[in-house]
2 protein chains.
Amino acid sequence: MAHPAEDVRPPTMADVAREAGVSHQTVSRVLSGHPNVRAATREQVTVAIERLGYRRNSAARALVTRRTRTLGVIAVNTALYGPASTLTGLEEAAREEGYLVSAVSLRSGGGQGLRDAIDHLAAWGVEGVVAITPQRSHVQALAELDAPFPVVTVEGGHQLDLPGVSLDQELGARMVTEHLLAAGHANVWHVAGPGDWLESEARTAGWRAVLEENGIRPPRVLTGDWSPLSGYRAGQELAGLAMARRGATPVTAVFVANDQMALGVLRALREGGIRTPAQVAVAGFDDIPEAEYFPPPLTTVRQDFAAIGRRSIGLLVDHIEGRATKTEHLLVEPQLIMRASTRPPHEA
Amino acid sequence: MAHPAEDVRPPTMADVAREAGVSHQTVSRVLSGHPNVRAATREQVTVAIERLGYRRNSAARALVTRRTRTLGVIAVNTALYGPASTLTGLEEAAREEGYLVSAVSLRSGGGQGLRDAIDHLAAWGVEGVVAITPQRSHVQALAELDAPFPVVTVEGGHQLDLPGVSLDQELGARMVTEHLLAAGHANVWHVAGPGDWLESEARTAGWRAVLEENGIRPPRVLTGDWSPLSGYRAGQELAGLAMARRGATPVTAVFVANDQMALGVLRALREGGIRTPAQVAVAGFDDIPEAEYFPPPLTTVRQDFAAIGRRSIGLLVDHIEGRATKTEHLLVEPQLIMRASTRPPHEA
DNA sequence: CACGCCTTTGTGAGCGCTAACAATCTAGCT
DNA sequence: AGCTAGATTGTTAGCGCTCACAAAGGCGTG
């Protein structure tokens with residue numbers, strides 16, 4: 001009433017203090033849950049806050065506390081099922097820890113793009129970054145970048161000294177391969193992902209290890225780029241081999257490095273007149289929602305994206321708050337999902 | 001040298017000013033590209049910034065300018081192809097406009113979840129929000145929420161007075177239906193999405209309109225929940241009808257409201273011994289990456305997510321910066337992608 | 001050569017909040 | 001009652017930046 005000038009600006013802590021008849025510090029104490037405030041005072045303040053529709057100004061708060069409580073996420077190709085799911089997992093975990101998540105998506109991902117993304121996030125004062133960097137070159141670039149805050153990688157491997165969380169890709173590949181051998185196949189072919197990807201390498205390594213442990217000579221590796229088309233091409237080649245029955249290893253089982261390529265492989269086999277799983281068993285990796293409805297339903301490996309998100313945020317927050325210092329690398333266990341595409345002939 | 005105490009804190013503008021032998025204001029001017037700074041001075045400052053590795057403190061800046069240059073995105077079910085792609089489009093567009101994007105994903109999406117998400121974003125001082133709210137109940141909740149900043153909806157329909165951007169779902173559905181009629185089908189069946197979804201409604205409306213315009217009585221609508229399983233169930237029913245050839249409308253063409261359900265429909269038809277497209281043509285909606293490799297490759301409708309992202313951010317920024325006031329609603333044109341699943345028999 | 005005008009640079013205040021400290025009040029003890 | 005420890009509240013000083021204004025320098029013109 002004493003003030004003739006009317007302000008359109010949102011109310012400040014001082015306004016609330018005046019309204020409640022206390023000092024601004026008391027308001028601050030109520031807001032941050034300080035124990036030493038009389039219940040009656042707390043109540044008055046709460047009422048005043050409510051009445052004025054007051055909201056704490058995060059910029060002022062961040063300025064004095066030097067904490068923005070914001071995390072950055074850098075992801076390549078966020079439209080793919082894996083990265084998209086991971087992003088969701090990350091965001092939920094961060095929200096629970098009281099952080100806001102800001103995402104930057106890179107279309108492809110040269111080192112320059114990564115540097116720009118880090119700069120963009122740094123300019124807004126993020127306290128740490130989770131980088132979903134499945135390609136070796138990304139991790140390399142990231143390690144050389146020397147960001148001004150902690151960085152945790154997801155699917156970034158553990159060669160370099162960056163903390164990170166990954167699915168145990170190799171274990172997943174082992175599970176699939178062992179499952180196929182157990183179903184009676186003498187050998188297992190493999191359609192790998194593109195070269196630069198750590199996931200490709202780990203999946204191939206797991207497959208190869210199991211074969212070698214069983215004294216089986218791994219056949220030549222076919223390579224795709226994760227797309228259904230590339231899987232289709234590989235599938236055509238496999239179909240040719242399956243029909244020819246030349247000296248080469250007979251094609252009776254194929255472990256494809258992801259579900260989308262597996263879809264292409266299935267189509268090529270079908271077009272080549274080869275029945276799945278009766279003549280050739282096929283397994284994928286990822287368990288995309290469509291996999292269960294592929295012709296036939298696809299045996300694959302499921303990743304627990306929520307767990308990956310939770311653990312990366314946990315790791316990042318530990319670093320930010322100084323609880324962790326060493327560069328840990330956590331592995332999340334995959335789960336084998338068995339479906340019709342690898343069912344042994346005698347069960348079909 | 002005069003200061004014995006060494007500070008681990010990042011350099012401030014004052015530090016840069018000292019280093020460059022100018023006032024902090026001049027540093028500020030260089031940073032914000034003010035024209036009235038001598039080239040030589042600018043150079044000194046730039047060098048000092050470089051040498052000290054200085055970064056402007058965004059919190060301090062936001063405090064005084066009252067601009068956080070941060071936008072929020074609220075999305076339900078971000079792991080799905082559509083929302084994930086939209087998110088990417090939004091983020092890229094926002095970055096170009098000089099904003100940071102913070103995303104909150106809701107698992108399901110009651111009104112309470114929405115309110116919490118808005119609160120969470122408001123607490124960090126976002127200047128506006130893009131809400132990907134494909135369900136009618138969301139938009140309703142959003143309209144009643146009365147957020148303290150502009151809100152733009154994506155796929156939120158245009159009944160309520162919220163500005164928004166949508167794909168022209170109805171047009172997409174019309175394109176598909178007309179395409180099927182043009183291919184010689186006497187009628188087109190429809191597997192719709194779940195009831196509360198605006199996309200379902202618009203797609204159904206477009207389909208129905210085309211049939212009625214052509215004097216065709218629309219057959220009973222089957223309903224799914226977007227999942228392959230629900231499509232499979234609907235497909236089983238359609239297969240039954242296609243075989244039975246009872247009095248009902250013959251099943252020769254089906255427009256399925258999304259690609260995932262179409263996958264289920266295709267499988268059910270195949271299992272029912274019905275060939276696609278020879279006996280029954282099937283079309284979907286979304287053009288997910290897998291659609292081209294479905295058995296058979298799926299005719300579908302492609303959405304330009306990048307355009308949707310760009311236009312929603314444009315609209316939001318217009319509102320934030322006071323350039324737009326009325327509640328516009330923009331429509332983005334879809335594109336019909338014709339593939340083998342609807343190829344007329346005589347061309348097969 | 002003095003005046004005014006534009007360019008360039010500097011000074012001071014204050015954005016809204018928290019942290020540190022100071023002041024006051026209460027209750028428990030001797 | 002007198003004293004002290006603890007609880008409760010208030011006061012002050014910045015955090016690092018931008019804005020408004022003031023001061024100083026440069027230059028053309030009458």
Side-chain angles (χ1 to χ4, degrees), chain A residues 3 5 7-46 48-49 52-70 98 122-125 127 148, chain B residues 3 5 7-46 48-49 52-70 98 122-125 127 148:
Chain A
H3 297 268
D7 224 326
V8 281
R9 294 203 288 216
T12 74
M13 203 168 254
D15 297 329
V16 175
R18 200 177 313 116
E19 177 84 10
V22 296
S23 77
H24 65 125
Q25 181 58 267
T26 300
V27 177
S28 173
R29 276 191 271 256
V30 169
L31 247 25
S32 41
H34 191 99
N36 290 351
V37 178
R38 226 171 359 134
T41 311
R42 186 185 305 278
E43 178 60 18
Q44 284 172 53
V45 171
T46 311
I49 287 174
L52 268 50
Y54 169 75
R55 280 203 145 108
R56 209 150 44 163
N57 180 319
S58 61
R61 200 168 139 71
L63 177 57
V64 64
T65 58
R66 298 157 190 294
R67 301 283 317 265
T68 57
R69 299 203 74 83
T70 298
W124 265 264
E127 294 185 40
Chain B
H3 297 268
D7 225 327
V8 283
R9 295 202 289 216
T12 75
M13 202 170 256
D15 297 329
V16 175
R18 199 175 316 114
E19 177 84 10
V22 297
S23 77
H24 65 126
Q25 181 57 272
T26 300
V27 177
S28 173
R29 274 190 273 256
V30 169
L31 248 26
S32 42
H34 191 99
N36 290 351
V37 177
R38 229 177 349 140
T41 312
R42 185 185 305 278
E43 178 61 18
Q44 285 171 52
V45 171
T46 311
I49 287 174
L52 268 50
Y54 169 75
R55 282 203 142 105
R56 209 153 39 168
N57 180 318
S58 61
R61 201 168 139 72
L63 176 58
V64 63
T65 58
R66 299 157 190 294
R67 300 284 315 266
T68 57
R69 297 203 75 83
T70 298
W124 266 264
E127 294 185 41

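Every chain is numbered from 1, with letters handed out A, B, ... down the list of sequences. Fair warning: this is a prediction, and the values are worked out from it, not measured in the lab.
Taking CZ from A:R69 and CZ from A:R61, the interatomic distance works out to 8.0 Å, rounded to the nearest 0.5 Å. Taking OG from A:S58 and CG from A:L63, the interatomic distance works out to 11.0 Å, rounded to the nearest 0.5 Å. Rounding to the nearest 0.5 angstrom, the gap separating the CD atom in B:E127 from the CZ atom in B:R67 is 4.0 Å. We find the OG1-CZ distance between A:T12 and A:R18 to be 7.0 Å, quoted to the nearest 0.5 Å.
Looking at the side chain of A:N36, the nearest of the listed nucleotides D:dT8, C:dT11, C:dT8 is D:dT8.
Taking all atoms of both residues into account, the shortest heavy-atom contact from B:D15 to B:P10 is OD2-O, 4.5 Å. Shortest non-hydrogen contact noted between B:P148 and A:R55 is CG-NH1, 3.5 Å.
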Base versus backbone protein contacts along nucleotides 12-22 of chain C [heavy-atom cut-off under 4.0 Å; B, S, -]: B-BBBSBBB--

Extract all donor-acceptor atom pairs below 3.5 Å that involve side chains of residues 19-43 of chain A and protein atoms in other chains or at least two apart in sequence.
residue: A:E19; atom: OE2; partner: A:R51; partner atom: NE; Å: 2.6
residue: A:E19; atom: OE2; partner: A:R51; partner atom: NH2; Å: 2.9
residue: A:S23; atom: OG; partner: A:Q25; partner atom: N; Å: 3.4
residue: A:S23; atom: OG; partner: A:T26; partner atom: N; Å: 3.4
residue: A:S23; atom: OG; partner: A:T26; partner atom: OG1; Å: 3.4
residue: A:S32; atom: OG; partner: A:S28; partner atom: O; Å: 2.7
residue: A:R42; atom: NH2; partner: A:H34; partner atom: O; Å: 3.2

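B:T26 comes within 4.0 angstrom of sugar-phosphate atoms only, judged by non-hydrogen atoms across all strands, and of no base.
When the local axes at the two ends of the helix from C:dC1-D:dG30 to C:dT30-D:dA1 are compared, using 5 base pairs at each end, they differ in direction by 50° after rounding to 10°.
Counting heavy atoms from C-beta outward, B:W124 and A:T70 have side chains that approach closer than 4.5 Å.
In this structure, B:R67 places its CZ atom 14 Å from P of D:dT18, rounding to the nearest Å. In this entry the distance linking NE2 of B:H34 with P of C:dT9 reads 10 Å, nearest Å. The interatomic distance linking A:Q44 (CD) with D:dT9 (P) rounds to 9 Å, in whole Å.
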